[in-house]
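Here the structure is laid out as structure tokens; the discussion comes afterwards.
Chain letters run A, B, ... following the sequence lines, proteins first and then strands; every chain starts at 1.
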Amino acid sequence: MPPVEARSPNTQALQGISAKGLRVDRGGRAIVRGVDFDLRAGEALLVLGRNGAGKSTLLRALAGFLPLREGEVQLDGGAEETSLAEQAHYVGHADGLKAALTALENLQFWARMLKCASATALSPEGALEQVGLARLGDFPVGYLSAGQKRRVALARLFVAPRPIWLLDEPATALDVGSQQKFAEAMAAHRAGGGFILAATHAPLGLVGAKELRLDARRARDVGGAA
Amino acid sequence: MSSPLLALFGRELRIARSVGGGGAMGVVFFLILVSLTPFAIGPDLNLLSRIGPAILWIAALLSTLLGLDRLFQADADDGSLDLFVMSSTPLELVVLTKCAAHWTLTALPLIAAAPLLGLTLGMEPAALAGVAASLLAGTPALTLLGAIGAGLTAGLRRGGLLMAVLILPLTTPVLIFGVASASAASGGTVPFHTPFLILCGLSLMAVAGAPFAAAAALRAREA
Amino acid sequence: MLKYANPTNFLALAARLIPWLAGAAALALAVGLYLTFFVAPDDYQQGASVKIMYLHVPAAWLGMMCYMVMTSAALGTLVWRHPLADAAQKAAAPLGAAFTLVCLVTGSMWGKPMWGTWWVWDARLTSVLVLFLIYLGLIGLWQTIEEPAQAARAAAILTLVGVVNIPIIKFSVDWWNTLHQSASVFRLGGPTIAPSMLWPLLIMALGFTLLFFALHLMAIRNEILSRRLRRLSITAAAAEDPEVAGEAAL
Amino acid sequence: MKDYTFYIAAAYGFAALVVVTVIAKIMLDYRALRQKLTRFDNKERNR
């Protein structure tokens with residue numbers, strides 16, 4: 001049984017993630033097949049493709065929600081015995097927020113739930129500041145707009161820092177100003193040796209990001225290290 | 001280790017309080033079920049007091065189970081469940097904490113209300129104490145078995161009814177020994193502690209086994 | 001804008017009325033209690049325990065009256081779309097539940113010396129119990145639906161459905177009770193009440209009614225304020241992003 | 001004539017308890033709402 005108390009993931013920083021021949025099935029059908037990529041610390045991977053090409057499926061598989069039918073993911077460096085999922089943040093379409101609780105309460109909960117004693121963790125107030133919602137801390141999340149809820153969800157990344165960010169269309173519902181702010185945060189994360197794997201249509205302003213194109217029709221991996 | 005689970009426990013209580021009487025709804029359902037029986041059987045208190053424990057136990061069983069289908073549904077809908085799977089705390093402990101929170105919110109008020117409702121069925125104090133004790137020992141098993149059902153049906157549209165159909169057969173031992181120990185409390189051939197200890201055994205078995213089954217059910221939901 | 005002017009007028013009216021109503025209620029209850037304990041004779045059969053009747057019967061009347069208030073408020077919501085009607089309805093439900101609870105518990109405490117058990121499935125007590133369950137259902141409905149206007153319409157419909165069913169429930173419970181007529185049951189209330197006992201009863205009932213209206217006005221005031229708070233915080237949340245220019249346009 | 005003072009006291013005690021709790025709840029809600037609303041006005045004014 002891996003130690004329940006996860007040692008802080010970045011005692012030794014994670015050097016790289018490499019995946020070979022990944023295949024993920026859903027409903028008996030291979031949605032994603034033959035995916036390879038290799039990321040070093042500080043690099044980003046843009047997962048591109050039409051709707052239904054399997055972008056979300058790939059990210060969910062990496063986050064451990066879906067089993068990998070074939071292939072495997074290698075982590076080098078970072079704390080042993082902790083899976084990729086425990087060193088990653090996943091931001092999907094749902095924000096993981098409880099409407100009845102206030103933004104601060106939600107973030108305080110996630111800070112303690114995804115507990116990690118890393119120095120770079122921001123306080124819930126600081127995280128809200130980072131996404132420009134400092135004054136909305138004690139409003140019930142139910143009263144916030146879709147864009148604001150999205151930013152509270154993104155604030156979770158700062159409250160319990162983890163090296164890998166798995167972002168599934170993070171820019172939806174964000175306006176220009178917030179997208180710009182988040183692009184800066186991503187750059188800072190990469191500068192600190194973090195990894196970003198983002199499935200997106202909108203340009204995220206990720207400089208020098210590798211691309212992985214999943215094309216549904218040919219169901220063949222075209223991408224590779226750009 | 002405990003701080004994430006304590007945080008989860010606190011959050012469950014806070015949500016139930018702010019969303020309005022989360023627990024209170026279960027007690028009202030329990031009150032209605034108990035009051036309906038005399039309408040079917042008649043106002044004769046001698047008859048009612050004999051079957052009092054059975055009425056209270058069936059009502060407790062149904063209100064505990066039917067309150068459970070929302071246990072994972074809300075978290076599945078808003079994405080919290082995915083994040084639990086990714087947290088360093090094992091999903092089994094998350095399930096156990098949610099069951100503990102749900103038990104505190106619904107089963108405890110039920111156990112407090114049962115003796116009062118027993119009065120309307122003309123039961124004497126010994127039987128009331130017996131019912132309360134047996135409910136205290138039996139409801140953890142009901143909550144945990146219900147959690148397995150909730151895990152299986154989280155995300156399905158008509159999950160509630162299906163969950164009851166799946167889990168009710170599994171709760172028959174708890175019901176049998178529950179009513180047996182409640183009736184034994186007010187005298188009778190069987191001494192009180194025999195069925196009561198078996199009931200406690202059932203609950204402990206549920207505490208040990210159910211979280212793994214429920215967590216597996218939640219993980220299987222995705223694949 | 002009649003719709004918004006109305007609540008503020010109401011608040012001013014309520015602020016004036018509430019002290020008077022509360023004072024009158026306190027006075028009536030004081031007089032009623034005095035009469036009950038020092039003037040009214042004991043019942044030749046039930047002895048002093050009849051004094052519980054001065055609490056039990058007014059509480060039952062209040063439980064019924066409160067439901068009638070809610071019915072008219074429900075009509076106000078559905079038929080005339082009066083903005084205050086749903087606040088009045090939501091404010092009345094907990095009061096109704098409280099009065100029926102008092103009626104049930106005092107009835108049971110009156111029954112204990114009479115029949116030796118805390119509860120008897122007497123026709124009237126049972127009907128009041130069903131009414132109490134209906135109140136709890138309504139309160140549960142309001143707690144589940146957050147959006148006030150939607151909750152108001154749903155509760156109004158349920159109240160009207162309830163008011164149609166209450167006579168049916170009353171009739172069927174009476175029939176159910178007589179059908180299973182068992183020796184240990186006898187009807188509450190007893191013979192016609194002697195005048196000397198009637199007066200305290202009427203004064204107590206008046207006191208309860210005044211108390212109800214005072215509390216009802218205060219509860220409506222709370223409801224208006226909490227809706228105003230909800231509206232303010234929603235608009236404030238939306239308008240809260242001075243730094244991010246594009247947000248409002250979204 | 002049996003002595004019923006216990007039942008009378010219990011009945012009136014319970015009734016008083018319910019009435020006092022209802023009054024207290026309404027008054028406390030009222031005060032809390034007033035505070036929140038005034039806090040809102042100050043926040044609006046000095047933003």
Tell me if the CG atom of B/L116 is crowded by more than 12 foreign heavy atoms within 6.0 Å. yes

Decide if atom CZ of A/R69 counts as having more than 12 heavy atoms of other residues, nucleotides or ligands within a radius under 6.0 Å.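 Check fails, neighbour count at 12 or below.
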
Can you tell which part of B/D77 gets under 4.5 Å to a heavy atom of chain A, answering side chain, backbone, both or neither? backbone

What part of [X] lies closer than 4.5 angstrom to a heavy atom of chain B: side chain, backbone, both or neither?
X	result
A/L101	side chain
A/H93	neither
A/A99	neither

Can you sort out the partners of A/F195 under ring-ring contact (aromatic ring centres under 6.0 Å, His included), two or more places apart, ordered by chain and number?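 A/F195: no ring-ring contact (aromatic ring centres under 6.0 Å, His included) contacts found.
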
What side-chain hydrogen bond (donor to acceptor under 3.5 Å, both in side chains) pairs are there with at least one residue in residues 127-137 of chain B, not counting sequence neighbours? B/W57-B/S134

Non-hydrogen atoms of A/Y90 and B/L83 that approach each other most closely: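 Looking at all heavy atoms of both residues, the closest pair is O-CD2, 3.7 Å.
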
Drop me the distance from A/D95's CG to B/D78's CG, to the nearest 0.5 angstrom. 8.5 Å

Output the distance between atom CE (B/M86) and atom NE2 (A/H89), rounded to the nearest 0.5 Å. 7.5 Å

How about [X] and [Y]: do any of their side-chain heavy atoms sit closer than 4.5 Å?
X	Y	answer
A/W110	B/S87	no
B/L8	A/R112	no
B/P4	A/M113	yes

How are the rings of A/F109 and B/F84 set to each other: parallel, tilted or perpendicular (split at 30° and 60°)? perpendicular

